[in-house]
Protein chains: 2
Amino acid sequence: MSEQIAEGKIDHIDKKILEIMQDNAKTPYSQIASQLGISEATVHLRIRKLVNAGIIKRFQAVVDPEKVGKRVTAIIAVVAIPQKYSQVLKQLEKMPEVYEIFDVTGEYSTILKVRVKNKEELAKLIDEIGNIDGVENTKTMYVLRVIKEDTRIKIE
Amino acid sequence: MSEQIAEGKIDHIDKKILEIMQDNAKTPYSQIASQLGISEATVHLRIRKLVNAGIIKRFQAVVDPEKVGKRVTAIIAVVAIPQKYSQVLKQLEKMPEVYEIFDVTGEYSTILKVRVKNKEELAKLIDEIGNIDGVENTKTMYVLRVIKEDTRIKIE
DNA sequence: TGTGAAAATTTCTTCGC
DNA sequence: GCGAAGAAATTTTCACA
């Protein structure tokens, strides 16, 4: 049995591999190998380790939301009654329109990122969230323009 | 008539392929083919079309931010002076710690998602953003817990 | 436009260092 | 833990329905 990679125990080579694979997960191992001056087998081994260690969570085709009909994005700040907070989170988590849920400090309990087809669906969703038992109030920030949205983690 | 896929012109097969490839971009075409009752060549053709149409933006290894040392996430709401707003956006866009920038309606001009190593770096970043010429004030919501963070678009 | 099978590449495994 | 070379599998191409 080979050892798992401990927290933060990734070296310079691993970092380069992560950078390349975040940009294009279909980059041939041969290309990575020659670029980094190592063998293909090593590339394969390293990538397998990164996956096993959970550093690479999965390989994903990144889809353009607008091109598949999700034309509206919004950020919704939610205030919940503390006693019912965990129930509220469970309800929110189940909603397919809710893509991100963050428990935050400050005047709001939670910040959500939601995606829907159009304004009508957003209105419906805001209603739905407002009607969850335990939700005190919500504040919707409609996204007019996406200036930047990058899911690739910068590796230092 | 052979043509590119027009906006929203994707059929049931394409949708299934998108779902599968968002979950695991390394799924063998042979498996997709047998699952959908089509040939491998057709799977390949469809995927190429989806990429060419920009519906699939890229194939990406999804990295766990915490496992590579990005232990702190925060949502920052920014109010900017209207006259200097576009300059402010340009400055924000250049910052590597800033992963998402949304132009929004409401009392704030912009909502940011940022990722850094620790609280000290967050404090430094908030200072930096506050000092951008044109930024009136900022409000930071420190993320205590990530309840959900899914980048896979639901295909209806 | 979709198919089936061959051709070209890529990925994976084994073995020796 | 790494590299080289062969084995296995996948992706790509092509002629044809």
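Just so it is clear: chains get the letters A, B, ... in the order the sequence lines come, proteins before strands, and each one is counted from 1.
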Considering residues at least two apart in sequence or located in another chain, which fulfil the salt bridge (Lys or Arg N to Asp or Glu O under 4.0 Å) criterion with K26(B)?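 Salt bridge (Lys or Arg N to Asp or Glu O under 4.0 Å) list for K26(B), sorted by chain: empty.
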Would you please name every residue forming a salt bridge (Lys or Arg N to Asp or Glu O under 4.0 Å) with K90(B), sequence neighbours left out?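 Salt bridge (Lys or Arg N to Asp or Glu O under 4.0 Å) list for K90(B), sorted by chain: empty.
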Nearest-0.5 Å distance that lies between atom [atom1] in [X] and atom [atom2] in [Y]:
{"X": "I126(A)", "Y": "L122(A)", "atom1": "CD1", "atom2": "CG", "answer": "4.0 Å"}
{"X": "D14(A)", "Y": "R46(A)", "atom1": "CG", "atom2": "CZ", "answer": "4.5 Å"}
{"X": "Y29(B)", "Y": "I17(B)", "atom1": "OH", "atom2": "CD1", "answer": "9.0 Å"}
{"X": "D150(B)", "Y": "E93(A)", "atom1": "CG", "atom2": "CD", "answer": "11.0 Å"}
{"X": "I55(B)", "Y": "K49(B)", "atom1": "CD1", "atom2": "NZ", "answer": "10.5 Å"}

Are T73(A) and Y99(A) close enough, and set up right, to give a side chain to side chain donor-acceptor pair (under 3.5 Å), and what steps lead you there? CA-CA 10 Å; T73(A) 300; Y99(A) 286 76; over 6 Å; no
How would you label the contact of L45(A) with the nucleic acid (heavy atoms, under 4.0 Å): base, sugar-phosphate, or nothing?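 Nothing, no nucleic acid heavy atom in range.
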Between the axis at one end of the helix from dT1(C)-dA17(D) to dC17(C)-dG1(D) and the axis at the other (five pairs apiece), what's the angle to 10 degrees?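 Comparing the axis at each end, I get an angle of 20°.
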Under 3.5 Å donor-acceptor, K57(A) side chain and V62(B) backbone: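 Not a single qualifying donor-acceptor pair exists.
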Tell me: [atom1] of [X] to [atom2] of [N], nearest whole Å?
{"X": "L36(A)", "N": "dC2(D)", "atom1": "CG", "atom2": "P", "result": "12 Å"}
{"X": "I38(B)", "N": "dT1(C)", "atom1": "CD1", "atom2": "C1'", "result": "12 Å"}
{"X": "F59(A)", "N": "dT10(D)", "atom1": "CZ", "atom2": "P", "result": "15 Å"}
{"X": "R46(A)", "N": "dT13(C)", "atom1": "CZ", "atom2": "P", "result": "18 Å"}

Counting side-chain heavy atoms from C-beta on, which of dT13(D), dA4(D), dG2(C) comes nearest to T42(B)?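 Output: dG2(C).
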Strand contacts (DNA chain D) in residues 15-24 of chain A, 4.0 angstrom heavy-atom criterion: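 Under 4.0 Å from DNA chain D: no residue of residues 15-24 of chain A.
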Just to verify, what does Q31(A) make a side-chain hydrogen bond (donor to acceptor under 3.5 Å, both in side chains) with, not counting sequence neighbours?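 side-chain hydrogen bond (donor to acceptor under 3.5 Å, both in side chains) list for Q31(A), sorted by chain: empty.
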So which protein nitrogen or oxygen atoms get under 3.5 Å of nucleotides 6-11 of chain C's nitrogens or oxygens?
| unit_1 | atom_1 | unit_2 | atom_2 | d |
| --- | --- | --- | --- | --- |
| dT11(C) | OP2 | Y29(A) | N | 2.6 |

Check each of L92(B), I81(B), V88(B) against V135(B) using the side-chain contact (heavy atoms from CB on, under 4.5 Å) test, and report the only one that passes.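 With V135(B) as partner, L92(B), I81(B), V88(B) yield a single side-chain contact (heavy atoms from CB on, under 4.5 Å), made by V88(B).
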